[in-house]
Amino acid sequence: MGNDAGFHEIELIKIEGINKKVMDVKMAQKNLKSFFQGFLNKERFFVDKKVLQVNYSPPSLVHRDEQINQIASILAPALNFEKPSNIFIYGKTGTGKTVSVRHTLDELTVVANEQKIALKTVYINCKLKRVADTEYRLVSTLIKELDDVTIPFTGLPTDEVYRIFYDILEKKKVLLILVLDEIDQIVKKTGDELLYNLTRINSELKQSIITIVGISNDLMFVDTLDARIKSSLGEEEMVFPPYDATQIKDILSQRSKIAFRLGVIGEGVIEKCAAFAAREHGDARRAIDLLRIAAELAERDNKEKVSVDYIDIAENKLESDKTLDMVSTQPKHFQCVLYSVISCSDPKSSVASTGSVYDYYVDVCKKTGLRPLTQRRVSGILAELEMLGLINSKVVSKGRAGRTRELKVSIPYSLLGKTYEILKKSLGL
DNA sequence: CACCGTTCAGTTGAACTAAGCAACGGAATTCGG
DNA sequence: GAATTCCGTTGCTTAGTTCAACTGAACGGTGGA
């Protein structure tokens, strides 16, 4: 082969590199110490950061009293161990659906505990891949939440899993309030069998009761259901309207009072956050994230206070973190397909056709040693990527030139380069 | 020019397959008496 | 002889494959005005 010499050379360089690295590390460690000391001594922006995190449930919710009262009055019969109606809640992301439900359930649980009522609430997000994205997996996570019994992740008949669930419930004699967040996702993917089975179990239960609280972003969701299920399930429906800018402002000021040290939030910062988020169909979660990230960035830069400029930076970071994270956590083949879509996009119109993408994909697979999947599967993967919002597609017929999906990457242009790099690295190209 | 059948390049639904797993039941092995 | 271990069988889920029907607008041929 004759590359022995070269090999040694590389080794030598490596060793030299390591020596250099050791020195760097020593230096860095010295700096690191002072860095950490500085970190401690510095006046921190945050008093209680978790107030601004996603799963924080505030003690009181502004601008959702009406909805909370409604949920509460629907669920109140639970306190007499009577079955509350099932609820279906619709609304765009960040309109406070999840928080409101959680808040109400927390309060309800407190009262139920005082009254010694066996009330149990379980919250499951149906979108989570590999956790609750099929009927089997959802019921098995449900069981795990309920009784900490682990169900094998494959091998059992779904009926059996339902039976275990049924037995646990019957044994426990509880009133279970089951919150299924993003329920439209799982139904779209696996059909409405799940809902049917849950209602069926409910009618068979003698000792226990299940009430389902379904949360969906898709207003049309209920129309896609079978009429039988609709009638037995959609007993109560609620719609959460988006927040307007002033409401978001209220939410932000309420939270920032707890989260931040006094005076670190600059003039107009909250207003700007609110305006940004209101522009995006009143997404309060986004507004909160924006504020948090802006503060984090300002703090990192050793600023006195959070200024308005940081919100723009935060906006970019928020967007990029979200997409880049999503891209890097996809399975290999998904990444490969996405990479192909980006590569095949016509520089002018930025669209790609399925055929060219597939050819390119097969090439990429060969290069990376991946076994290429069939076109059918790739078609499915493209559909899933579209669900994730990474690409846009439209089926177009081009007459004699056949039919195809026009694929368009919907990753913002500013992130495309970075995304491309991540994909390349992850695929080993 | 209007109309209509053909054609292309995928799309999409359904049936099927392989891999990985659990439960079951019978055979083989071990063990204490 | 009873208890335990081992092993093959069966049946399940899930991801992916195979098969085939379906799609819809441009193309191109036909006939009528």
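Values below: every heavy atom of this structure, side chains too, minus hydrogens, waters and symmetry copies. Predicted, not measured: the structure shown is a model, and the values here were computed from it.
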Could you check whether the side chain of [X] and the base of [N] have a donor-acceptor pair of N or O atoms closer than 3.5 Å, going by distance alone?
X	N	value
A:Thr354	B:dG10	no
A:Arg403	C:dT23	yes
A:Arg400	B:dC8	no
A:Thr404	B:dG10	no

I want to verify a distance call: between [options], whose nearest atom is closest to the [X] side chain?
X	options	answer
A:Arg376	B:dA23, B:dA14, C:dT13	B:dA14
A:Arg371	C:dT17, B:dT12, B:dC21	C:dT17
A:Ser353	C:dC12, B:dT12, B:dG10	B:dG10
A:Thr374	C:dT18, C:dC12, C:dT14	C:dT18

Whole angstrom value for the distance that separates [atom2] of [N] from [atom1] of [X]:
X	N	atom1	atom2	result
A:Leu382	B:dG10	CG	P	12 Å
A:Lys398	B:dT11	NZ	P	12 Å
A:Asp133	C:dT14	CG	P	8 Å
A:Lys332	C:dG16	NZ	P	14 Å
A:Ile164	C:dC12	CD1	P	15 Å
A:Leu373	C:dT17	CG	C1'	10 Å
A:Arg377	C:dC19	CZ	P	18 Å
A:Lys394	B:dT12	NZ	P	15 Å

Distance check: side-chain N/O of [X] vs OP1/OP2 of [N], anything under 4.0 Å?
X	N	value
A:Arg405	B:dT11	yes
A:Ser397	C:dA26	no
A:Arg137	C:dC12	no
A:Thr154	C:dT14	no
A:Thr134	C:dT14	yes

Exercise for review: Would you mind checking if A:Asp167 and A:Lys171 are paired as a salt bridge, meaning a charged N to carboxylate O distance below 4.0 Å?
Suggested key: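 Looking at A:Lys171 and A:Asp167, the cut-off is not met.
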
Check your understanding: Is the shortest distance from a Lys or Arg side-chain nitrogen in A:Glu315 or A:Arg286 to a carboxylate oxygen in the other one below 4.0 Å?
Key -> yes

Point to revise | Qualifying residue for salt bridge (charged side-chain N to carboxylate O under 4.0 Å, His left out) with A:Glu384, from A:Lys189, A:Arg377, A:Lys188 | key: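 For A:Glu384, the salt bridge (charged side-chain N to carboxylate O under 4.0 Å, His left out) test succeeds with only one of A:Lys189, A:Arg377, A:Lys188, which is A:Arg377.
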
Check your understanding: Below 6.0 angstrom between ring centroids: does that apply to A:Phe46 and A:Phe260?
Key ->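 Here the rings of A:Phe260 and A:Phe46 have centres that are less than 6.0 Å from each other.
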
Point to revise | Any donor-acceptor N/O pair, A:Gln185 side chain to A:Asn125 backbone, under 3.5 Å | key: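 A pair under 3.5 Å: no.
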
Exercise for review: Report the residue from A:Ile209, A:Val101, A:Thr121, A:Thr109 that forms a side chain to side chain contact (heavy atoms under 4.5 Å, CB included) with A:Ile177.
Suggested key: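 With A:Ile177 as partner, side chain to side chain contact (heavy atoms under 4.5 Å, CB included) holds for just one option, A:Thr121.
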
